[in-house]
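All values below come from the heavy atoms of this structure, side chains included, with hydrogens, waters and symmetry mates left out. Counting starts at 1 for both ligands and their atoms, following the listed order.
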Amino acid sequence: MVIETDILIIGAGVAGLSTAIKIADANPSSEILILTKTHKQESNTRWAQGGIATVWDFSQDNFEKHIADTLDAGDGLCDEEIVKIVVEEGHERVKEIIDWGARFDKEENGHYDLGKEGGHTENRILHYKDITGWEILRSLIAKAKTYNNITIKEHFFAIEIITQHHMGHYVTRLTPDIQCYGVYVLNKEDDHINTILAKSTVMCTGGGGQVYRNTTNPTIATGDGIAMMYRACGRIVNMEFVQFHPTALFNPQGENPDFLISEAVRGEGAVLKTIDGKTFMEKYDDRLSLAPRDIVARAIDKEIKTRGDEFVYLDCNQIDAETITHHFPNIYEKCKSLGIDILKGDMIPVIPACHYMCGGIWTDQYGRTSIKNLYAAGECTSSGLHGANRLASNSLLEGLVFGHRVADIINQQLPSLTLLKNEILNWDADGTTHPNEMVLLTQSWKELKEIMSNYVGIVRTNTRLKRALDRIHLLYTETEQLYQNTVVSPQLCELRNLITIAYMVTKSAQIRKESRGLHFNTDYPERLDYLETVWM
Ligand code: SIN
């Protein structure tokens, strides 16, 4: 089936929904189609606990401080112009979602309760209990529903970006003017592959944390947009910068995703300790448990490996009961369900877990990618905001600001855009058969997670990276063979996408012969002057 629309948005998190709302509002006669591969309540956005960083109390804070903190965390790789744009415009965008109904916690005096997280020099995190992402998503979905020119299709899994390649032309990474005409999409409810044609397509597909064994990302975080962009020969940058959140709940039974213990808990005074109850962050950074994430995650990794422990503790005894039950009700309940009662003085066992990809699809100031008529916003991008390490709670802000900017540029161009019809080849499934051993996909995914966690984690070495690449190559060959011969399934596509992500992370890590931000290679411990690692 061929579906036509004016604007196609892939992904229904903060970036996708805010782009849709801004286009729908300015262009009431345009049709905006949002695809989500599960249901609209599920996205990386939903899982964001801590909050959204923005300068709010101008008597204490200012844009310059937020810019400086972001640049400091980014360790020399941020684009200063982009940081300025996001920090300054972010304030307006947050006010806007408050007008649309997003709620943030307030103090008794009616002022917003501004939290603090690692790397921030001021309190500037607006939050709704410990489920800020969920609340923002709720308000955006409600707002989107008020526009009858926005349609959200659930269980539609985007497989490939349609370019000249699908009109029979030869496209390589050197082709100067690759164009996007839409995407091929698997309808998970009837297993058919549809061709969706759009005047402009926006990729808002989030990150790929599921490439690691321990991750706070939901199971949908399989790097689909970045992998599709790679296959379409688009520009991708800085994939080696994978952020590990220092404090995921250590659950001996294992769970996927790992439950996040928000950095806001440390912002309220919780302290990291080894299993024997000793503090250790003083050995690593003056900012102690509230140092930027790369530093804290590496410190925990070192302590765990040196001592042979499975986790470290987060001691919350400095936080009063009222704050725990009001600000962190879900964290409190989750811990209690595992027999850890924070209010009774139990400490929380924590481990670092993959949390965020700072690299991704290269975008300019308006979310334009290297492929014409294809835009991107949110975690799937590398906009220049995060550089080598993202400052906590800057990502929801980035999604809002770039959602607005992408919409702005599309709104200007929409009248002159046309749909390309007739010339696009339909999806060709000839000669493929149904796979009879789906278990092989599950096994390969598990293997991939082990490879990435063991060899391309928080601390890397040349030998580990080489070992990872050799093993990824084998998985790639096996999976491609399967892809050529079997009917496409979401599991197969996700595995294929994750293998691509694993390859890009590992290869970029190998190319970067220095240590900086989130990338630490003991064979090159110094920070030199390598800039972007680019997949053109
Ligand atoms: C957290 O709550 O610690 C996560 C916030 C973020 O990743 O920005």
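Scanning for ring-ring contact (aromatic ring centres under 6.0 Å, His included) contacts around H404 gives an empty result, with sequence neighbours left out.
Distance alone, capped at 3.5 Å, places no donor-acceptor pair between the E240 side chain and the R512 backbone. With hydrogens and angles disregarded, a donor-acceptor distance shorter than 3.5 Å links the side chain of D69 to the backbone of T121.
Taking 4.0 Å as the cut-off between side-chain N and carboxylate O, E80 and K84 do not count as a salt-bridged pair. A salt bridge links K273 with D315: the distance from a Lys NZ or Arg NE/NH1/NH2 to an Asp or Glu carboxylate oxygen falls below 4.0 Å.
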Identify the protein atoms, limited to N or O, that lie within less than 3.5 Å of an N or O atom of ligand 1, and list each pair with its distance to 0.1 Å.
from     : atom 1 : to   : atom 2 : distance (Å)
ligand 1 : 2 (O)  : G50  : N      : 2.8
ligand 1 : 2 (O)  : S262 : OG     : 2.6
ligand 1 : 3 (O)  : H245 : NE2    : 2.7
ligand 1 : 3 (O)  : E263 : N      : 2.6
ligand 1 : 3 (O)  : R293 : NH2    : 3.4
ligand 1 : 7 (O)  : R293 : NH1    : 2.9
ligand 1 : 7 (O)  : R293 : NH2    : 3.2
ligand 1 : 7 (O)  : H355 : NE2    : 2.6
ligand 1 : 7 (O)  : R390 : NH2    : 2.7
ligand 1 : 8 (O)  : R390 : NH1    : 2.8
ligand 1 : 8 (O)  : R390 : NH2    : 3.4
ligand 1 : 8 (O)  : S393 : N      : 2.6

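In summary, of the residues considered (L391, N394, L385), a side-chain contact (heavy atoms from CB on, under 4.5 Å) with V83 occurs for L385 alone.
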